[in-house]
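Worksheet for the structure shown next.
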Amino acid sequence: MKEPIIQNLFPTPIYMTNMNRPFTKQELQFVDSQKKHCTKNQGNINTKNNYILNRKELKNIKKFIDQCCKDYLKRIISPKNSIELYVTQSWLNYTEEKQYHHQHSHPNSVLSGVLYFNCDKEKDKIKFSNPKGYHQIKLEIDQYNIWNSDTWWFALETGQLIMFPSSTIHQVDTKQGKNTRISLAFNTFYKGTIGSNSNLTELILWIYNDI
């Protein structure tokens, strides 16, 4: 038999890159200081400030994230109209040993992302779940792969940025290791004109600061 071809149809894009530079002393001091200004989440804590990327201490990180959003838009979404992805909300997460981050997705957002300030690359992971996880017929699996798995995880390291469609279900299992896992999460939305005037699908999107 000729070797079969297996194509991936309608895959979920998981965009991963790295800052390729160490965090500055100012950035790390700011991130550490914000742990005192947090609220309790399900399983861990996150900052009360949900617009953390607006802080001047993170201005260069904001530029990096904006650049990656622009790259994602061009490479993956590839829109015909002249539109942008801009960061809507952003916040810091702190996860200690034996804590976790509950399973969730991000409503009212197009693309979500996480930048890691402190990770143990041997133990820290992000876990994604298949929204079609229910099976009427459930077989026992011999070897898991991207087609037969209900969950999939990626190892993480400090300085890594991972972005994905905001509807993608994800979580952090119970934290192993002594380090405090610190991440900056963010949501985005479109800015510009989407749809078509002649097809009666035109929608003009702008943000308050543009008015």
Side-chain angles (χ1 to χ4, degrees), residues 14-73 84-102 104-127 154-164 166 170-189 191 207-210:
I14 307 295
Y15 180 109
M16 290 184 282
T17 188
N18 197 291
M19 287 189 65
N20 288 326
R21 71 160 174 89
F23 293 107
T24 67
K25 182 179 180 180
Q26 182 188 39
E27 290 166 348
L28 291 175
Q29 286 178 341
F30 173 75
V31 167
D32 287 341
S33 72
Q34 295 307 295
K35 192 176 181 182
K36 297 180 292 186
H37 308 285
C38 283
T39 185
K40 189 175 180 180
N41 194 7
Q42 290 188 43
N44 61 357
I45 60 173
N46 58 265
T47 50
K48 295 177 182 177
N49 182 354
N50 292 325
Y51 297 90
I52 205 77
L53 280 173
N54 291 344
R55 291 291 299 260
K56 66 180 187 299
E57 294 89 345
L58 301 180
K59 64 179 181 180
N60 290 327
I61 289 175
K62 174 68 161 50
K63 289 178 182 177
F64 168 70
I65 288 173
D66 285 342
Q67 181 183 12
C68 292
C69 287
K70 185 177 181 179
D71 187 52
Y72 183 103
L73 186 70
E84 300 175 28
L85 278 171
Y86 73 97
V87 173
T88 53
Q89 289 189 291
S90 54
W91 60 97
L92 290 163
N93 302 297
Y94 302 85
T95 308
E96 305 284 357
E97 185 180 16
K98 297 184 180 179
Q99 293 185 334
Y100 65 94
H101 204 142
H102 66 289
H104 64 287
S105 59
H106 293 235
N108 300 328
S109 176
V110 175
L111 175 72
S112 295
V114 191
L115 175 67
Y116 294 92
F117 281 89
N118 189 328
C119 270
D120 180 344
K121 63 181 180 181
E122 301 298 326
K123 296 179 180 179
D124 285 328
K125 304 175 178 66
I126 184 169
K127 183 177 179 180
F154 296 99
L156 302 166
E157 62 182 3
T158 299
Q160 185 174 12
L161 172 67
I162 185 167
M163 301 192 300
F164 43 86
S166 299
H170 56 288
Q171 68 191 76
V172 176
D173 287 338
T174 302
K175 173 83 177 73
Q176 305 297 321
K178 299 296 184 180
N179 67 303
T180 300
R181 172 179 173 148
I182 304 175
S183 63
L184 187 157
F186 60 91
N187 289 330
T188 68
F189 207 75
K191 170 185 173 182
I207 56 178
Y208 178 78
N209 290 341
D210 292 336

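No experiment lies behind these values; they were computed from the predicted model shown.
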Q | Carboxylate-amine/guanidinium proximity below 4.0 Å for K175 and D124 | A | yes
Aromatic ring proximity, centroids under 6.0 angstrom, F117 and F23: yes
In this structure, CG of L156 is separated from OG of S183 (nearest 0.5 Å) by 9.0 Å
G159 and L115 have their tightest heavy-atom pair at O-CD1, 3.9 Å
Residues passing the salt bridge (Lys or Arg N to Asp or Glu O under 4.0 Å) test with K25, sequence neighbours excluded, are none
### Message
Please determine whether a side-chain nitrogen of the Lys or Arg among D66 and K62 lies less than 4.0 Å from a carboxylate oxygen of the Asp or Glu.
### Response
yes
key: Any side-chain donor near an acceptor of the partner, Q34 and T47, under 3.5 Å   = no
Decide whether S112 and N187 meet the rule of one side-chain donor and one side-chain acceptor closer than 3.5 Å. yes
*Scan side-chain atoms only and decide if N93 and N46 contain a donor-acceptor pair under the 3.5 Å cut-off.*
no
- Does the pair E96/K35 count as a salt bridge with the N-to-O cut at 4.0 Å? yes
**Message:** Is any side-chain heavy atom of L184 closer than 4.5 Å to one of L53?
**Reply:** yes
Between E157 and Y116, the two heavy atoms sitting closest are O-CB, 3.8 Å
**Request:** Check the surroundings of atom CD in Q67: do more than 12 heavy atoms from other residues, nucleotides or ligands lie under 6.0 Å from it?
**Result:** no
Note: S109 and S166 closest approach over all heavy atoms is OG-OG, 2.8 Å
Between the OG1 atom in T188 and the CG atom in L111, the distance rounded to the nearest 0.5 Å is 4.5 Å
(request) Show the numbers, then the answer: is there a ring pair (Phe, Tyr, Trp, His ring centres under 6.0 Å) between H170 and H102? (result) CA-CA 8 Å; H170 56 288; H102 66 289; 8.9 Å; no
One should read off an interatomic distance between F154 CZ and I162 CD1, to the nearest 0.5 angstrom, of 6.0 Å
### Query
Should the pair H104 and H101 be assigned to parallel (<30°), tilted (30 to 60°) or perpendicular (>60°) ring geometry?
parallel
**Prompt:** Considering only heavy atoms from C-beta outward, does the side chain of Y15 approach that of C69 to under 4.5 Å?
**Reply:** no
